[in-house]
Structures are given as C-alpha cells and as structure tokens.
Amino acid sequence: MAQTGAMAATGSRLSQLECRACGTSLSADQIRTVCPACAGPLFATYDLAHWSARTWRQTLVQRPATLWRYRELLPVQDDRSIVTLGEGFSPVIDLGAVPDADGLEVWLKDDGLLPTGSFKIRGMSVAVSRARELGVRRFFVPSAGNAGVALAACAARAGATARIYLPTGTPAAMESACRLYGADVVREGPTIREAGIAARTAEATTGALDMSTLREPFRAEGKKTMGLEIWEEMAPDHLPDAILYPTGGGTGIVGMFRAFRQLIELGLLDRMPRLYSVQPRGCAPIVRALDEGEARARPWDDAHTVAPGLLVPAPFGSERILEAVRESRGGGVAVSDASIRVAVHDLAQRHGVSASPEGAATYAALSSLAANGAIRTGERVLLYNTGSGIPFLNAPP
Ligand SMILES: Cc1ncc(COP(=O)(O)O)c(C=O)c1O
Ligand SMILES: [Zn+2]
C-alpha cells in the first residue's frame, strides 16, 4: 500500500483538535495523544461553514456502502492513506416481539458482522489510516480483545507493527486472532486499567503510538460513523427514540453523540435519540456517576463481569460519556451477569443473532427500562450489538 502518484484529496473538513475540558486548541496535522495542558482527551473539529451539507447528503447514496462514504467528516486527507477492510453498514434488523418489552418496537444493529467481528474496526481503521498518513509505523493498545484484533488487522494491512496488551482473562480466541494477524501479544493484569498502565510504561521509549481509548483523537471519529449510519439508515421516519449501548471505555457512545450533534448543527437531523449507557452490575462506574449526579466517574473497586469489553473500572473519558448521556436525556442501567448470559441465549434462540456478552447486555437492559418507564409504549428502541458471539463459543460467558 505504498503511496504513489499525486494526492487524491478525500475532501475532509478536518480543521483542529480541541480539549473540551480546558479549551486548548491545537493543529491537527501532527501526531497527538492527550491534551498537553491538562492531559484530557482531544477531539477533532471540522470546518463546516460554507459547506453544503444538503448537497453532500444527496451524494452519499451513490458512494460505496462503507464508513468511508462519510470521508468529509473523517480526518484522513489523502485517499491513498486509507486502510480499510470494507467496514461499515452493518445490518439493522427488526427483532419483532420481545418478552418483557411489550409495546416497544425493538431493533438491533449488528456490528458483530463487521470485519474482525466488532465495532472496534470502525475506530481502528480511521485512526490507523490517519496515523499512517502522519508517518506512524508502530502501534500499541491495551484491549479487552476486540480493539486488539481490529488494530492487529489494520496494522497488518498498513505494513505497520502492533503490540496488544490483553488482561489475563481475555478469551483465548481473541489472543489467537491478534497473533494470526502478526501482532505481538502481552498478557497483563486483571483489567484493562492495569494492562494500560503496564503498556504505557513498557512502551514509553519505543516510539509506538498509544491507541488506548480516547488517548488519541481519531478512534472516536471512526466510532462517529455508528451514529451517521443510524441516521442514514433510519432517519427521519424510523430514527430510534432511544439507543441502548454497552459502555466500557466509552468511545462508542461519545462517538455516536458527536455524530448526532454534528448532524443537528448541519441541519440534517432535527432531534437527538436518547443514549442509554448499559453496564454490568460488577463494573458500573458510569451508571453510579449518573445516579450520584457526578461530573466524572470514580474508579470501581473489585470490578468483575462476564463481558470483557465492559470490564473498565476507570474510564479515561468519563466526563465526555456522562455529557453524552445527560445531554441526550438518556440514562444508565446496570444489569446482572446472569441476565447477560440469558440474553446471549435468547438473542441466539429467539432472534437468530450471535451477540457478544457486551451487546447482549443491551437486550438484558430492555426489561428494566420498560418497567421503570424510561422507555414508553410505542417508542422505537435500537439495541447496539457491538461484537460477535463467535469468540465465546468455546468459552461461554
Ligand atoms: C464487544 C464490545 N462491546 C463494547 C465495548 C465497550 O466499548 P466502548 O469503549 O465504546 O465503551 C467493547 C470494548 O472492548 C467491546 O469489545
Ligand atoms: Zn486540556
């Protein structure tokens, strides 16, 4: 994938990077990780003045059905930098009748069917493409599994190296997949928190780029495409009233929120779906912070759950996750591991869906949100299945 010939501009409207915590603005044309002033997450901004969003909207349908059709709202400048496996446009299906959710219209978007088996490919393909464009050839990431597999595949395709730090309990299938793509794997610590600390220490002088959740600005841009697809596939007539999303490190929910806000600013969307953060009872720092009215989440002690991607006791970007949930007028819901196991089973046997335990947590959350009136009769709900159930077949949750 050597870059030859003249640049083929993507038309990206990327303008700057900004820190929402302290207001620092930085140029977006060099590699950055966190805010140099306050160490918070950096986010991309786009120059959308004098840009005809309505014309853009009409051209989308003529483009290939991958997330790269949204390239003007993504950071990559040159088409030749794009590292892609054809990700995006996962199916959206009507689940039909769901017990305990009478009167609700329940849909499911299935990112378990994307390349590498999860939504993580969205963020990694965009972040690796942009990093490659800026000259990066070495990456590392602490991961519960799926992000590591996605990075390993993208790095292989980009001719770059990747080292993946997995907590000790990560399913063996995830480690095998990382190795198959040629990545190095290090097993470290009980949760991604300890794996991340070990990774950042070990990699401090290697020159590899840290791809940890929200510690580089562009994975969240790739995740934005979940919201852009929901809008394109479902708005205006079928736009969900509520989206249930399994929340670990939070790039997914923050990315979707950014998408809907950008679409509203552009005049292409008139309302924001309510975003609900679903977490397991054994590790629910975001749900607790919502209940307690806190602006940021406190670390969760003795975290445990059958859903590895939700075993994130101290989400780095918690302020932004809480902002997304509150500003969208959604909420938080904690579910038991037992209910997650039942949901994996029910999604497979009632609906034919192979869900990861993380994605199945959203199905488990439906009954309590329906029972406590957070979601009302007649409303349309979208469950986000973030990953495939296949890596768990030999080691059920
Ligand atoms: C299948 C799955 N769902 C959800 C999550 C949590 O994702 P986020 O960081 O977007 O909150 C992960 C993270 O590893 C995951 O692998
Ligand atoms: Zn800052």
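Side chains are part of it too, since the values below use all heavy atoms of this structure and drop only hydrogens, waters and symmetry mates. When a ligand or atom number is given, it counts from 1 through the structure's own listing order.
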So for ligand 1, is [X] a polar contact partner (N or O within less than 3.5 Å, distance only)?
{"X": "Phe119", "value": "no"}
{"X": "Tyr245", "value": "yes"}
{"X": "Leu310", "value": "no"}
{"X": "Asn146", "value": "yes"}

Among side-chain atoms of [X] and [Y], is any donor-acceptor pair under 3.5 angstrom?
{"X": "Arg298", "Y": "Ser318", "value": "no"}
{"X": "Gln58", "Y": "Thr55", "value": "no"}
{"X": "Thr206", "Y": "Glu203", "value": "yes"}
{"X": "Glu229", "Y": "Tyr70", "value": "no"}
{"X": "Gln77", "Y": "Ser12", "value": "yes"}
{"X": "Arg274", "Y": "Tyr276", "value": "yes"}
{"X": "Tyr165", "Y": "Glu194", "value": "no"}

Which of the numbered atoms in ligand 1 are under 4.0 angstrom from any heavy atom belonging to [X]?
{"X": "Lys120", "answer": "7 (O), 9 (O), 12 (C), 13 (C), 14 (O), 15 (C), 16 (O)"}
{"X": "Gly248", "answer": "6 (C), 8 (P), 11 (O)"}
{"X": "Thr247", "answer": "11 (O)"}

| field | Stepwise side-chain contact (heavy atoms from CB on, under 4.5 Å) test for Gln30 and Leu134 | value | CA-CA 6 Å; Gln30 56 181 279; Leu134 297 175; 5.6 Å; no
| said: Would Ser118 count as a contact residue for ligand 1, given that I'm defining contact as a non-hydrogen atom of the residue lying under 4.0 Å from a ligand atom? | reply: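 Outside the 4.0 Å threshold, so no.
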| Can you find a non-hydrogen atom of Pro246 under 4.0 Å from ligand 1? |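 Yes, Pro246 has heavy atoms under 4.0 Å from ligand 1.
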| task | Only heavy atoms count here, so choose which of Pro391, Ser356, Gly309 is nearest to atom 5 (C) of ligand 1. | result |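 Shortest heavy-atom distance from atom 5 (C) of ligand 1: Gly309.
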In the protein, which heavy atom is nearest to [atom], and how far is it?
{"atom": "atom 3 (N) of ligand 1", "value": "Thr386 OG1, 2.7 Å"}
{"atom": "atom 8 (P) of ligand 1", "value": "Gly250 N, 3.3 Å"}
{"atom": "atom 10 (O) of ligand 1", "value": "Gly252 N, 2.8 Å"}

| Trp56 and Trp231 aromatic ring geometry - parallel, tilted or perpendicular at 30°/60° bounds |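 Answer is parallel, since the angle falls under 30°.
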| task | Quick one: the SG of Cys35, the Zn ion (ligand 2), SG of Cys38 angle, rounded to 10°, please. | result |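 Once rounded, the angle between the two atoms at the Zn ion (ligand 2) is 110°.
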